[in-house]
Colleague: 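First, the structure itself, so that you have it in front of you.
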Amino acid sequence: MSFATLWESLLPIGRDGLSGGYRRFSWTPEDAACRAWFTRAAAERDLRVLTDNNGNLWAWWDPPGWPGPGAPGGSKAVVTGSHLDSVPDGGAFDGPLGVVSAFAAVDLLRERGFLPVRPLGIAAFSEEEGGRFGVACLGSRLLAGAIEPGRARALADTAGVTLAEAMAAAGHDPDGIGPDDGLLAAVGAYVELHIEQGRALADLGAAIAIGEQIWPHGRWRLDFTGRPDHAGTATLADRHDPMLPFAAAVLAARKAAAAHGARATVGKVTAEPGAVNAVSARVSAWLDARGPDERTLQTVVGEVLAAAREAAAGHGVQLAAGPESVTPAVVFDQDLRERLASSLAEQGIPAPLLPTGAGHDAGVLAARVPTAMLFVRNPTGVSHSPAEHAEPADCAAGVRALATVLEDLACR
Ligand code: GLV
Ligand code: MN
Ligand code: MN
C-alpha cells in the first residue's frame with residue numbers, strides 16, 4: 001500500500017472542521033479511532049499488535065522462526081514509530097508522520113525482498129503532547145519509569161477527569177501502569193522519524209536530517225490567586241488583581257528568553273470565574289521554557305518566577321508555582337547516529353545533523369535505550385499549528401531513509 005493511501009486513511013480522524021487542526025487527545029473517541037486505525041494497518045501487514053500496560057501500541061514484524069517474546073538468547077528488537085495524539089488544533093504531521101512512515105517503510109522493505117533477522121517493532125506512544133493530562137511524553141515516561149505511576153493516575157484534564165478514570169472508561173486498566181523493564185530490555189534501538197519543527201532543512205536545501213540532541217525543556221504551572229471584585233466600583237488601589245502579575249510574568253518570559261538565547265512561551269491561560277466585568281479570582285498560566293543547556297534553562301525559569309513573585313507581592317496576590325514536567329538535555333546515542341549516517345550516505349541520501357528544541361518520546365527513551373531520530377523537511381518550519389506541512393516528495397524521501405536505516409539495523 002502506498003504512503004498516500006495510508007496517510008489519507010488517517011487524515012479525517014480528529015480533524016476540526018473549522019480550524020482544520022487536529023484534536024486527538026488520549027483516551028477519547030478520537031484516540032480510540034486512531035488506535036483502531038493502527039490496529040488495522042498492522043493487521044493488513046500481518047504484524048502482531050499489542051497494547052502495553054501504559055496504553056502504548058506496538059506492532060511487531062517477527063523474523064521467520066523467531067521463538068517469541070521473552071525467549072532466551074533472542075536478539076534485541078529494533079523499534080521505530082512516534083505518536084498519534086496532537087496538541088489542541090495541531091498539525092497533521094507531528095507524530096503521525098513517524099507512524100505512517102514506519103508502516104510504509106515495512107512495505108518498502110518487503111517490496112525489496114528483505115526479512116528482519118531481529119524483531120522489528122512499530123510503536124505509537126500515548127499522550128506524547130500532554131495535550132489532555134499536562135505531562136509531555138506520558139506513555140513513554142511511564143514505560144521508562146520517568147514518572148511515578150500514582151502521580152500519573154491522579155493527573156486530571158480540564159474537566160477534572162483523572163488519567164485513571166479516562167483509561168478505565170476506555171477499557172484500559174489504570175492499575176497496571178508503570179515501568180516495563182522487560183519490554184525495554186528487549187529493545188536494542190529506537191529510531192523515531194518526525195517532521196522537522198523548524199526551518200533548518202529548508203534553509204540547508206536537504207530533505208532529511210539526523211537528530212543530534214534535544215534542548216532541555218519543561219512546563220511550569222503558575223497559579224495567581226487574588227480577590228474577585230467589581231470592575232466598575234473597586235478602586236484601582238483596593239484591587240488584588242491576579243491578571244496583573246500574570247501579565248508581568250508573560251513579559252518577563254519573553255525578556256528572559258531573548259536575553260539568554262532560549263525559548264519561553266505562555267500558550268495556555270485560564271481566568272476564573274471569567275466575568276468581563278469583574279476582577280478575576282484566579283489566573284492559572286503554563287510556562288513552557290527551553291534552553292540550549294540546563295543552566296540557561298534554569299536561569300530563564302528563575303528570572304520568570306522571580307518577576308512573577310515580585311509582581312504578585314506588589315499586587316497583594318498569592319502565587320503558587322512549580323514544575324509539571326521537566327526533560328533534561330538529550331544527546332542521541334553517538335554509535336547509532338553514526339550508523340544511521342553511514343547507511344544513509346551509502347545510499348547517497350544527504351542527512352545533516354540537527355539539534356532541536358522540540359521534545360520527543362525518543363528523548364525520554366534515550367535514558368534507557370539507544371535512540372536516534374530522523375527529521376523530514378518542513379518548508380515553513382511552522383508546527384503545532386494547522387499550517388504544519390511536508391511535501392509528498394519529502395515524505396517519500398523520509399520513508400526511503402527510514403527503510404534504509406531499518407534494513408541496516410534489523411535485516412542484516
Ligand atoms: C512536543 O512537540 C513538544 O516539544 O512540546
Ligand atoms: Mn508536538
Ligand atoms: Mn511529536
Side-chain angles (χ1 to χ4, degrees), residues 10 14 21-26 31 34 38 56-57 80-102 122-141 146 190-198 200 209 211-221 253 257 262-268 286-292 297 323-330 332 354-366 371-378 380-390 395 398 402:
L10 180 60
Y22 286 85
R23 297 177 185 178
R24 293 172 177 158
F25 306 128
S26 60
D31 183 60
C34 287
F38 182 97
N56 305 309
L57 294 166
T80 185
S82 191
H83 61 97
L84 294 172
D85 67 314
S86 75
V87 298
D89 281 343
F93 294 81
D94 176 355
L97 184 64
V99 180
V100 173
S101 299
I122 298 176
F125 292 101
S126 191
E127 181 82 0
E128 190 272 352
E129 300 285 9
R132 181 167 181 192
F133 294 104
V135 172
C137 299
L138 188 55
S140 55
R141 237 177 248 281
Y190 176 63
V191 180
E192 179 168 353
L193 178 146
H194 203 279
I195 186 160
E196 192 202 346
Q197 295 172 288
E212 184 186 29
Q213 50 177 287
I214 300 182
W215 279 15
H217 59 282
R219 300 173 179 192
W220 286 260
R221 177 176 174 149
R263 306 275 154 79
T265 308
V266 180
K268 178 175 170 182
W286 284 261
L287 169 72
D288 178 307
R290 312 183 186 219
L297 177 62
E324 284 200 331
S325 63
V326 182
T327 307
V330 171
F332 290 114
L354 277 191
T356 179
H360 299 284
D361 295 305
V364 170
L365 295 176
T371 61
M373 290 194 75
L374 292 173
F375 295 123
V376 172
R377 172 166 50 194
N378 173 345
T380 62
V382 172
S383 187
H384 283 182
S385 147
E388 180 182 87
H389 183 67
C395 295
L402 183 61

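Numbers for residues simply follow the sequence, beginning at 1. Each ligand, and each atom within it, is numbered from 1 in the order the structure gives.
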Colleague: Quick one: table the atom pairs, ligand 1 N or O against protein N or O, below 3.5 Å, distance rounded to 0.1 Å.
Modeller:
residue	atom	partner	partner atom	Å
ligand 1	2 (O)	Glu129	OE1	3.3
ligand 1	2 (O)	His384	NE2	3.0
ligand 1	4 (O)	Arg290	NH1	2.7
ligand 1	4 (O)	Arg290	NH2	3.3
ligand 1	4 (O)	Gly359	N	2.6
ligand 1	5 (O)	Arg290	NH2	2.8

Colleague: Do Asp94 and Tyr22 have side-chain heavy atoms sitting under 4.5 Å apart?
Modeller: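 Contact flag for Asp94/Tyr22 side chains = no.
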Colleague: Look only at the side chain of Thr356 and the backbone of Ile214, and say whether a donor-acceptor pair between them is shorter than 3.5 Å.
Modeller: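 A pair under 3.5 Å: no.
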Colleague: Keeping the roles fixed (side chain from Glu192, backbone from His360), state whether a donor-acceptor pair exists under 3.5 Å.
Modeller: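 Such a contact is absent between Glu192 side chain and His360 backbone.
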Colleague: Once rounded to the nearest 0.5 Å, what's the spacing between atom SG of Cys395 and atom CG of Leu193?
Modeller: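 It is 9.0 Å, given to the nearest 0.5 Å.
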Colleague: List the steps, then state whether side chain to side chain contact (heavy atoms under 4.5 Å, CB included) holds for Phe38 with Ile122.
Modeller: CA-CA 10 Å; Phe38 182 97; Ile122 298 176; 4.0 Å; yes
Colleague: Between Asn56 and His83, does any side-chain donor sit less than 3.5 Å from a side-chain acceptor?
Modeller: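 Their side chains do not contain a donor-acceptor pair, so the 3.5 Å distance test is not met.
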Colleague: Does CZ belonging to Arg221 count more than 12 external heavy atoms closer than 6.0 Å?
Modeller: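 Yes.
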Colleague: With a cut-off of 2.8 Å, how many protein N, O or S atoms neighbour the Mn ion (ligand 2)?
Modeller: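 Excluding waters, the total comes to 4.
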Colleague: Is His360 close enough to the Mn ion (ligand 3) that one of its N, O or S atoms comes in under 2.8 Å?
Modeller: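 No, His360 does not qualify, because none of its backbone or side-chain N, O or S atoms lies under 2.8 Å.
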Colleague: Do Phe125 and Leu365 come close enough that some side-chain heavy atom pair is under 4.5 Å?
Modeller: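 Counting from C-beta outward, Phe125 and Leu365 do come under 4.5 Å.
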Colleague: State whether a side-chain donor-acceptor pair under 3.5 Å links Asp288 with His217.
Modeller: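 The criterion, which ignores hydrogens and geometry beyond distance, is not satisfied for His217 and Asp288.
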Colleague: With a 4.0 Å cut-off, would you call Arg23 and Asp89 a salt bridge?
Modeller: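 Looking at Asp89 together with Arg23, the answer is yes, because their closest N to O distance falls below 4.0 Å.
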